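Okay, structure first, notes after.
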There are 2 protein chains.
Amino acid sequence: MDKYYPTIEESFLFNEIDKKSIDHLLKCLGAELKNYDKDEYLFLTGDKINNIGIVVEGIVEIIKESLAGDRHIIAFLEASDMFAEGIVSTINKISPVTARVQANSKVLWIPYDKIIRACGNVCDFHLILIQNMITILGEKNVILNKKIELLTLKGMRAKIAKHLLNESYDKGKQTFQIVLNRLELADYLNVSRTSMCRELSRMKEDGVIDYYGKSFKILKEEELIKCLD
Amino acid sequence: MDKYYPTIEESFLFNEIDKKSIDHLLKCLGAELKNYDKDEYLFLTGDKINNIGIVVEGIVEIIKESLAGDRHIIAFLEASDMFAEGIVSTINKISPVTARVQANSKVLWIPYDKIIRACGNVCDFHLILIQNMITILGEKNVILNKKIELLTLKGMRAKIAKHLLNESYDKGKQTFQIVLNRLELADYLNVSRTSMCRELSRMKEDGVIDYYGKSFKILKEEELIKCLD
DNA sequence: AATAAATTGTAGCCATGGCTACATCTTTTA
DNA sequence: TAAAAGATGTAGCCATGGCTACAATTTATT
């Protein structure tokens with residue numbers, strides 16, 4: 001298991017925790033490393049979940065089944081990504097999603113109980129762990145709120161403007177590269193790709209932004225801000 | 001301060017905590033009760049927040065200022081409602097909103113540090129408190145995710161269908177009362193009231209639902225579910 | 001009970017944006 | 001290096017849903 005420590009340490013859950021102590025801590029937590037074969041399920045929609053998972057090797061897919069029956073992948077998780085933390089921290093702990101490995105994978109499972117209940121010999125790390133857990137949930141809240149803000153905006157231009165401003169603020173520059181391609185971006189903004197492309201063209205024509213591929217430049221910030229009304 | 005205990009106890013933060021211990025606990029936490037006059041500000045957008053607030057008396061408004069400069073009230077909080085818990089649990093603790101009292105009010109402030117750091121004489125309550133804190137954040141995540149699911153649906157009928165199904169499942173009945181009026185509902189679904197009313201009429205005409213005022217009845221659940229594609 | 005105010009429902013008009021189809025350009029694979 | 005697959009941009013068509021205006025109904029106020 002030791003060979004995976006570098007991966008495990010990267011998770012924010014172990015932020016500020018002395019790397020030398022992780023071995024001790026994982027034992028204290030009763031963490032378990034499990035192997036999964038391609039396409040094996042980790043848990044299904046409706047299952048009661050009691051562990052937090054950290055991907056140690058391979059790929060984990062998070063799948064949302066709609067009431068209407070169709071399946072939609074909402075996340076691809078890679079090594080050191082955490083999952084299920086949002087589920088175990090609710091009252092009933094019932095998963096609204098299904099998790100499956102896409103390739104042969106290894107997952108580290110940590111019992112939620114052990115994380116939030118300080119162990120008998122209250123190690124200092126435990127309290128840091130709990131604080132990290134809360135911070136992770138807090139930050140997730142921020143991300144969800146940002147997404148809601150975006151989705152709530154009326155009009156194509158407003159959505160594009162808001163997103164580009166967000167990116168620009170995050171990077172601290174007027175010129176920046178985006179990560180998503182056009183289709184993914186349209187998906188994120190919940191609009192059709194073609195209509196989004198059309199509006200991007202218009203915005204370039206109007207001289208408020210410029211772009212080539214994934215490189216964007218904000219030309220008239222004030223104009224973009226005006227779009228948000 | 002004792003006279004406000006019944007209100008304070010109602011907060012989920014003190015769930016499962018012996019009421020007799022609350023007095024001791026609040027002292028251990030260094031909780032402070034403060035008075036505010038009508039229209040006084042509790043904190044402004046951009047302020048760094050270090051305390052969780054619980055409304056003890058009066059009304060607190062949470063206000064969102066858009067980049068474009070207009071103000072929008074996103075919540076009215078009443079006695080025993082908690083606020084700022086989502087802010088203090090992030091990394092930088094900067095508030096994205098402004099809080100103001102709408103009438104003469106009393107607010108109980110609890111230092112976040114004290115909540116998540118067990119005190120020297122580790123009282124048992126402290127751990128419960130921390131677990132409650134995590135549960136609160138987890139549940140908030142669930143609510144935000146539900147809202148995103150709704151906003152992401154394409155088409156008026158899908159949004160209405162999803163919301164009515166949610167309400168029906170929550171209440172466990174096909175017939176139920178909604179809380180919001182038409183304007184508030186339209187706002188929640190992020191559509192115009194008139195278009196929503198039009199679609200509600202059509203749905204009634206099609207015989208998939210029936211309603212009168214705030215009373216709704218789901219007539220053909222399978223049909224509603226089909227709308228979600 | 002009478003009036004005012006607020007809430008809800010309906011209709012017509014038209015802008016926004018989704019969809020199909022295709023062209024252009026880029027990247028991957030053989 | 002050619003061919004295939006994928007990503008991006010553009011255009012035309014038309015359905016969805018936003019908006020204004022007003023009617024009908026319910027609730028609040030005097």
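Chain A is the first sequence line, chain B the second, and so forth, proteins listed ahead of strands; every chain is numbered from 1. Values below: every heavy atom of this structure, side chains too, minus hydrogens, waters and symmetry copies. Quick caveat: nothing in here was measured; it's all calculated off a predicted structure.
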Distance, rounded to the nearest Å, where [X] contributes [atom1] and [N] contributes [atom2]:
X         : N      : atom1 : atom2 : answer
Leu185(B) : dT8(C) : CG    : P     : 10 Å
Leu183(A) : dT8(D) : CG    : C1'   : 10 Å
Ile209(A) : dG9(D) : CD1   : C1'   : 14 Å

Report the nucleotide, chosen from dG9(C), dT8(C), dT10(D), that has the shortest atom-to-atom distance to any side-chain atom of Ser201(B). dG9(C)

As a check of understanding: the bend across the helix from dA1(C)-dT30(D) to dA30(C)-dT1(D), end axes from five pairs, rounded to 10 degrees, works out to 50°

Main-chain N/O of Lys173(A) paired with Ser168(A) side-chain donor or acceptor, under 3.5 Å: yes

Please confirm whether the backbone N or O of Asn141(B) pairs with a side-chain atom of Asn145(B), one donor and one acceptor, at under 3.5 Å? yes

Under the ring-ring contact (aromatic ring centres under 6.0 Å, His included) test, residues paired with Tyr41(B) that sit two or more places apart: none

ring-ring contact (aromatic ring centres under 6.0 Å, His included) with Phe14(A): which residues, sequence neighbours excluded? none

Return a single string for nucleotides 12-18 of chain C, one symbol per nucleotide in 5' to 3' order, where B is base contact, S is sugar-phosphate-only contact and - is none, cutoff 4.0 angstrom on heavy atoms. B----BB

Test side chain to side chain contact (heavy atoms under 4.5 Å, CB included) applied to Ile91(B) - qualifying residues, sequence neighbours left out: Phe12(A), Thr135(A), Glu139(A)

Detail all sub-3.5 Å separations between protein N/O atoms and N/O atoms belonging to nucleotides 23-26 of chain D.
| from | atom 1 | to | atom 2 | distance (Å) |
| --- | --- | --- | --- | --- |
| dT26(D) | OP1 | Tyr212(B) | OH | 2.5 |

Assess whether side-chain contact (heavy atoms from CB on, under 4.5 Å) is satisfied between Leu108(A) and Leu26(A), documenting all intermediate values. CA-CA 10 Å; Leu108(A) 183 74; Leu26(A) 288 178; 4.1 Å; yes

Anything under 30° is parallel, anything over 60° is perpendicular, the rest tilted; go ahead and classify Trp109(B) against Phe83(B). perpendicular

